[in-house]
Amino acid sequence: MSLAPAAPAAPPAARRLRPRTVVVAATAWLLAAVFLLPYAQMVITALRPADELRDNTYLPEHFAWSNFVDVWRESNLGSNLRVTLLVAGGSTVLVLLVALPAAYYTARMTFRGRKLFLLLVLVTQMFQPTSLLVGLYREFYQLDMLNSVWTLILCNAAFNLAFAIWILSAYIGSIPVALEEAAMIDGLSRFKALLRVTLPLALPGVVTAVIFTFIAAWNEFVMGLTLSTVPDSQPLTVGINSFVGNYTVQWNFLFAGSIVAILPVVVLFAFIERQVVSGLTAGSVK
């Protein structure tokens, strides 16, 4: 008895795109293009030769890759980048050293004046650095600490400390206390329970505080311009501003330096983006 060959399986039906999906996707791509277009223009301008800066063409006739080399030779960009790395890194470390114990204590302990303390922490976020510049300048002038990296580290850490305390306090408060109590029953001290139990669970919140503090210190301009007057001791944001003169603007060097300034932050954020999103949303789902 011969068996008839089985009929070939019907191909899966093509997935139909809903009009709503098409509209949402098109809108997302359009918004992405709108936000990325200025950065594309910045890269193109950074690659323009000096004699083509006033041309109306979107793309230059010749790409001057040497602009990225000349910007290091003709400016203090290397020293400014080193200062910015020290200030951003030092401020972030100092903020974590102070914010972690403060956030842990306010999240775990009930003490008199706790709400007032958190309110004062929130109020400090309302003060802008520009409103305190005169007092800060006089204070550090009397202490002979102008043009010092430590001055910028202290100022940036002070202005970013309140945000870090709020983020970490909310995240630590969402971690069950029973986990620490179980660890202490097993023989760990409160400090070791914090290091081995709470801190690993609070890592997304810590990363969120780190990235926001680092970016705020990296992008700071006003305090660096006021408290550092020597070119070699100024941060990168102030050093880039030196390409803007009274009568001319070196657009190619200005945008080349701007690309150098944003690349480290973009790379850092790309590596820890998941942790940042987790740290911002974890409190709402626990």
Side-chain angles (χ1 to χ4, degrees), residues 71-103 105-106 117-168 206 209-246 249-250 253-254 256-258 260-265 268:
V71 75
W72 290 92
R73 294 177 178 175
E74 301 182 14
S75 66
N76 298 311
L77 201 65
S79 300
N80 301 143
L81 180 60
R82 178 183 58 84
V83 171
T84 300
L85 287 172
L86 292 174
V87 171
S91 302
T92 303
V93 172
L94 184 58
V95 165
L96 283 183
L97 290 177
V98 178
L100 274 173
Y105 192 84
T106 54
F117 171 76
L118 293 175
L119 178 62
L120 290 176
V121 170
L122 182 61
V123 168
T124 58
Q125 286 292 96
M126 302 179 184
F127 292 99
Q128 293 295 326
T130 52
S131 63
L132 304 175
L133 275 179
V134 176
L136 288 174
Y137 183 87
R138 293 187 60 182
E139 180 179 353
F140 287 113
Y141 175 79
Q142 294 174 355
L143 295 174
D144 194 20
M145 291 183 63
L146 294 178
N147 301 314
S148 173
V149 174
W150 289 105
T151 300
L152 298 179
I153 290 176
L154 291 174
C155 291
N156 281 282
F159 282 104
N160 291 286
L161 183 61
F163 178 78
I165 291 177
W166 270 93
I167 286 289
L168 293 174
V206 174
V210 165
I211 190 64
F212 276 93
T213 302
F214 188 88
I215 291 178
W218 186 276
N219 294 331
E220 202 284 320
F221 174 78
V222 177
M223 288 189 295
L225 179 65
T226 305
L227 303 177
S228 297
T229 57
V230 178
D232 289 341
S233 65
Q234 292 176 335
L236 192 58
T237 50
V238 181
I240 293 175
N241 192 56
S242 63
F243 296 116
V244 181
N246 292 329
V249 179
Q250 296 174 289
F253 290 163
L254 177 65
S258 300
V260 173
I262 67 175
L263 277 180
V265 177
L268 176 64

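Every value quoted in this text rests on a predicted model; they were computed, and no experiment measured them.
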The reported gap from CD1 in Ile262 to CD1 in Ile215 (rounded to nearest 0.5 angstrom) is 12.0 Å

Chi angles and distances behind the side chain to side chain contact (heavy atoms under 4.5 Å, CB included) call for Asn80, Val238: CA-CA 8 Å; Asn80 301 143; Val238 181; over 6 Å; no

Practice prompt. Walk me through it: do Thr226 and Phe140 pass the test side chain to side chain contact (heavy atoms under 4.5 Å, CB included)?
Written response: CA-CA 11 Å; Thr226 305; Phe140 287 113; over 6 Å; no

**Request:** Check whether any side-chain N or O of Trp218 sits under 3.5 Å from a backbone N or O of Ala261 as a donor-acceptor pair, and report yes or no.
**Result:** yes

Applying side chain to side chain contact (heavy atoms under 4.5 Å, CB included), run through Phe159 and Glu220 and close with a yes or a no. CA-CA 11 Å; Phe159 282 104; Glu220 202 284 320; over 6 Å; no

In short, side-chain hydrogen bond (donor to acceptor under 3.5 Å, both in side chains) pairs touching residues 147-166 with sequence neighbours left out are Asn147-Thr229

Distance col, row Phe253:CZ vs Ser75:OG, nearest 0.5 angstrom, shows 8.0 Å

One should read off an interatomic distance between Leu161 CG and Thr213 OG1, to the nearest 0.5 angstrom, of 8.5 Å

Interatomic distance, CG@Asp232 vs CZ@Arg82, rounded to 0.5 Å, equals 8.0 Å

Check: Gln234 side chain, Leu236 main-chain N or O, donor-acceptor pair, under 3.5 Å
no

Taken in chain and number order and not counting sequence neighbours, the residues that satisfy side-chain hydrogen bond (donor to acceptor under 3.5 Å, both in side chains) with Ser258 are none

Distance-only donor-acceptor hits, side chain of residues 89-96, under 3.5 Å, sequence neighbours excluded:
from  : atom 1 : to     : atom 2 : distance (Å)
Ser91 : OG     : Val87  : O      : 2.6
Ser91 : OG     : Ile153 : O      : 3.3
Thr92 : OG1    : Ala88  : O      : 2.7

### Message
Is it the case that atom CZ in Phe221 sees more than 12 heavy atoms from other parts of the structure closer than 6.0 Å?
### Response
yes

Worksheet item: Do side-chain atoms of Thr106 reach the backbone of Ala103 as a donor and acceptor pair under 3.5 angstrom?
Response: yes

Distance col, row Leu152:CG vs Ser233:OG, nearest 0.5 angstrom, shows 7.5 Å

Distance col, row Leu132:CG vs Met223:CE, nearest 0.5 angstrom, shows 9.5 Å

Which of Ile240, Val71, Asn241 passes side-chain contact (heavy atoms from CB on, under 4.5 Å) with Leu254? Answer is Ile240

All heavy atoms of Leu168 vs all of Ala99, minimum pair found to be CD1-CB, 4.0 Å

